[in-house]
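Below, all heavy atoms of this structure are taken into account, side chains as well, without hydrogens, waters or symmetry copies.
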Amino acid sequence: MNKDRETSEHRDSLPEQTRHRLDKLNKLRSEGKDPYRLTRCEVTHQASGVVADFEQLEGETVSVAGRIMARRGMGKVSFADLLDRTGTIQVFSRLDQLGQDSYEAWQELDLGDLVAVTGQVFRTRTGEISVRNFSWTLLAKSLRPLPEKFHGLRDTDLRYRKRYLDLMVNPEVRDTFEKRGRIIRLIRGELDRRGYLEVETPLLNTIAGGAAARPFTTHHNALDLDLFLRVSPELYLKRLIVGGLERVYEIGRNFRNEGMSTRHNPEFTMLELYQAYGDYHTMMDITEALFSICCLDICGSHDIDYQGMAISMEPPFCRMSMIEAVRLHTGLDFDVLKTDEEAREAAKACGLEQVTVNMTWGEVLNTCFETYVEEKLIQPTYLIDYPIEVSPLTKIKAGTGGRLTERFEIFVVGREHGNAYSELNDPFDQRDRFADQQRRRDAGDDEAQLPDEDFVEALEYGMPPTGGLGIGIDRLVMLLTNQPSIRDVLFFPTMKPQDG
RNA sequence: GAUCCACUAGCUCAGUCGGUAGAGCAUCUGACUUUUAAUCAGGGGGUCUGGGGUUCGAAUCCCCAGUGGAUCACCA
């Protein structure tokens, strides 16, 4: 709120409620009681602590601080609900205890004002644990009316744009984000226990590698250099494996310049980890451990509800090959369909319209999976053995004629939650795969991966056999907090400006 | 990018057949010394998202735009 708004002509144009609050603030300032000048206050107890430790605290004097969320005036007595980060505590104020001036000033407070209260812990006649107001301080004036307390803030537009209001009046929102923080802490704890080093790698990339996705572009002025926001930290993390760190992980933001949905935000948080001397089976064990640990801690059970679906997060998770899954759901058997031509014809006969003339056996298989199977994988399932065409950084699976790779994605509630593989460490093969990706790019596939010759050079020094895993943190949080949209687990989801 | 839906007081929502706008909470005035969605009495508050059109008359019907939501496309 800028200085202009304190002048009289602006005052008159303000909504009634804001005008009243501004008048009160100006009155305080003119009396030398500017609340914004205070720099700190002594807080001895949290709201939930007063309630939890009532037996010990009854009769003791405590200092609490928070936002006034509700008031119930009774004349010479009044009640207020004070909200801090732990919850709500009731403040009981009496005229004869505060004195005329202090009580009148207390009655002048508005919903949303931030106050500190010092007083005695006691239980009211109706049993409510409260703080008897002996003295209080206004810590900050709230100049705008709060959203309604009973219904909360419903308008999704407002909730996402002004998340602070959402957090003030919708307690379950705070709960979701506290759980998000806990999930990330649990993951760090488990990986630290397993001897992983947490690392950070560049967000500004000269080559946006490691995933097939369109990047955001930016520019460095001093170097006169176009840069890309990373779409994945994968190639950097594997360089660290080459460097001998053996077990590394990074939890951080990826940026993909693509469509948005309930499952996609342009920036999102990924866990990526790499373990030398492991493979994709090692990564299945870690995935199960991480999911299970988080689920038990957050939900208290392996049996959870997600949007009306009963999900069992009890390890071990179901494992099924892509060929098997497609056979099960479409009847098409890619063990029998041998050539690209046969695969295309069979899929077309099955009604798959996306099939184009150039598609290979593996691409058809993958398209069949995405079209007919993916959304049906409700219970946690490791979908294994992906076609080589869609897995340019992955080791070939022995005995598949070079068609399939040692890779899995984990699906829950019909969504991809993670992606892992036995990392390709053959520099010759890797160079060929990049060349293949380049051919696809040249043929018009702008999502094909960009060759990274420096990465291949790193492989030439020798990378041990390595298992790698990526888990979408936002989707995991959605799953464990039963939120329907990724925007509900991001404090500030990407939004169009309103006057855009 | 496509389709459908929504947008009314600070917030949550009604608004019939096209006839000058309603409620609850919040706010203001008054009453009230243990309330808790406090209660009681009274008052104020609106660019009906924006622009255009049809009409004697539009929150309401039509067109365009904005923002959001859902679905699809995209996302190996």
- prompt: Just by distance, with hydrogens left out, do Ser391(A) and Arg433(A) show a side-chain donor and acceptor under 3.5 Å apart?
  reply: no
- prompt: Expressed in whole Å, how much space separates the P atoms belonging to A2(B) and C74(B)?
  reply: 15 Å
- line: From CD1 of Ile384(A) across to P of A76(B) the rounded distance in Å is 21 Å
- prompt: Which part of the nucleic acid, if any, lies within contact of Leu95(A), taking any heavy atom under 4.0 Å across all strands shown: a base, the sugar-phosphate backbone alone, or nothing?
  reply: nothing
Lys24(A) side chain, from C-beta outward: closest of A38(B), C28(B), G68(B): C28(B)
statement: Per the O4'-C1'-N9-C4 / O4'-C1'-N1-C2 angle with a 90° window around 0, U49(B) comes out anti
- line: Between Arg125(A) and Asn366(A), the residue closer to the 5' end of RNA chain B by nearest nucleotide is Arg125(A)
- prompt: Where each pair must be Watson-Crick or G-U wobble with both distances under 3.5 Å, what dot-bracket representation of RNA chain B is obtained, with crossing pairs in [ ] and other-strand partners as |?
  reply: (((((((..((((.....[..)))).(((((.......))))).....(((((..]....))))))))))))....
message: With rounding to the closest Å, how many angstrom separate the P atoms on G43(B) and G24(B)?
response: 12 Å
message: Donor-acceptor check, side chain of Glu342(A) to backbone of Lys338(A), threshold 3.5 angstrom: yes or no?
response: yes
query: So does Arg72(A) get a side-chain nitrogen or oxygen closer than 4.0 Å to the phosphate oxygens (OP1/OP2) of U39(B)?
result: no
field: Backbone N/O of Lys27(A) and side chain of Ser30(A): donor-acceptor pair under 3.5 Å
entry: yes
message: Suppose we call a contact any N or O donor and acceptor under 3.5 Å apart; does that hold for the side chain of Thr126(A) and the base of U34(B)?
response: no
- request: Tell me yes or no: between the side chains of Thr394(A) and Thr405(A), is some donor less than 3.5 Å from an acceptor?
  value: no
Lys141(A) bridged to Asp110(A) by N-O distance under 4.0 Å: yes
message: Between A23(B) and G46(B), how many Å separate the two C1' atoms, rounded to a whole number?
response: 15 Å
query: So Phe317(A) and Tyr382(A), would you call those rings parallel, tilted or perpendicular, with 30° and 60° as cut-offs?
result: tilted
- request: Could you say whether Phe122(A) or Glu16(A) is positioned toward the 5' end of RNA chain B, judged by the nucleotide with the nearest heavy atom to each?
  value: Phe122(A)
message: What contact category does Thr262(A) fall into here, base, sugar-phosphate, or nothing, at under 4.0 angstrom with non-hydrogen atoms?
response: sugar-phosphate
Interface polar pairs with nucleotides 8-12 of chain B, N/O, under 3.5 angstrom:
unit_1	atom_1	unit_2	atom_2	d
C11(B)	O2'	Glu148(A)	N	3.2
C11(B)	O2'	Gly152(A)	O	3.3
U12(B)	OP1	Arg154(A)	N	3.0
U12(B)	OP1	Asp155(A)	N	3.0

- request: Dump the intermediate steps for side-chain hydrogen bond (donor to acceptor under 3.5 Å, both in side chains) on Arg154(A) and Asn170(A), then the final yes or no.
  value: CA-CA 9 Å; Arg154(A) 291 284 166 76; Asn170(A) 296 329; over 6 Å; no
query: Are Arg487(A) and A70(B) close enough that a side-chain N or O sits under 4.0 Å from OP1 or OP2?
result: yes
message: Using modelled atom types and a 3.5 Å cut-off, is there a donor and acceptor pairing between side-chain atoms of Thr367(A) and backbone atoms of Glu363(A)?
response: yes
- prompt: Contact class for Arg407(A) (heavy atom, under 4.0 Å): base, sugar-phosphate, or nothing?
  reply: base
message: Let's see if you can work this out: which of U67(B), A76(B), G69(B) has an atom nearest to the side-chain heavy atoms of Arg161(A)?
response: U67(B)
- request: Return the value, rounded to whole Å, for the distance between atom NE2 of His264(A) and atom P of C72(B).
  value: 11 Å
query: Counting side-chain heavy atoms from C-beta on, which of U35(B), U33(B), C28(B) comes nearest to His20(A)?
result: C28(B)
message: What's Thr124(A) touching, base or sugar-phosphate or nothing? Going by heavy atoms closer than 4.0 Å.
response: base
message: Between C1' on A26(B) and CG on Asp110(A), what's the gap in Å once rounded to a whole number?
response: 11 Å
- request: Give the rounded distance in Å between these two atoms: CG of Asn265(A) and C1' of C74(B).
  value: 15 Å
G15(B) to U8(B) separation - P atoms, rounded to the nearest Å: 14 Å
- prompt: If the P atom of C28(B) is compared with that of A21(B), how far apart are they to the nearest Å?
  reply: 26 Å
task: Report which part of the nucleic acid Met260(A) touches: base, sugar-phosphate, or nothing (heavy-atom distance under 4.0 Å, all strands).
output: base
field: Residue Pro392(A), side-chain heavy atoms: nucleotide from G68(B), U33(B), A76(B) that is nearest
entry: A76(B)
query: Does the U35(B) base have a donor-acceptor partner in the side chain of Gln90(A) within less than 3.5 Å?
result: yes
message: Can you check the distance between U49(B) and A6(B), where both ends of the measurement are the C1' atom (answer in whole Å)?
response: 11 Å
field: Whole-Å gap separating P (U29(B)) and CG (Asp23(A))
entry: 11 Å
task: Report yes or no: does Thr330(A) contribute a side-chain atom to a donor-acceptor pair with the main-chain N or O of Val326(A) at less than 3.5 Å?
output: yes
field: Integer-rounded Å distance: U36(B) P and Phe92(A) CZ
entry: 13 Å
field: Distance between P atoms of A9(B) and U29(B) (Å, rounded)
entry: 24 Å
query: Knowing that exactly one of Lys397(A), Lys395(A), Arg319(A) qualifies, which makes a salt bridge (charged side-chain N to carboxylate O under 4.0 Å, His left out) with Asp385(A)?
result: Lys397(A)
query: If we take the P atom in both C11(B) and C32(B), what is their distance in whole Å?
result: 34 Å
task: Between C74(B), A76(B), G68(B), spot the one nearest the side chain of Arg214(A), thanks.
output: C74(B)
message: Does Tyr160(A) reach a base, just sugar-phosphate, or nothing at all? Heavy atoms under 4.0 Å.
response: sugar-phosphate
- prompt: Does a sphere of radius 6.0 Å around CG in Asp96(A) hold more than 12 heavy atoms from other residues, nucleotides or ligands, not counting ones at 6.0 Å or beyond?
  reply: yes
field: Separation of A26(B) C1' from Met168(A) CE (nearest whole Å)
entry: 15 Å
query: Can you list every ring pair (Phe, Tyr, Trp, His ring centres under 6.0 Å) pair that touches residues 63-120 of chain A, not counting sequence neighbours?
result: Phe79(A)-Phe92(A), Phe92(A)-Phe122(A), Trp106(A)-Trp136(A)
- request: Mind calculating the distance between CG (Leu383(A)) and P (A76(B)) to the nearest angstrom?
  value: 15 Å
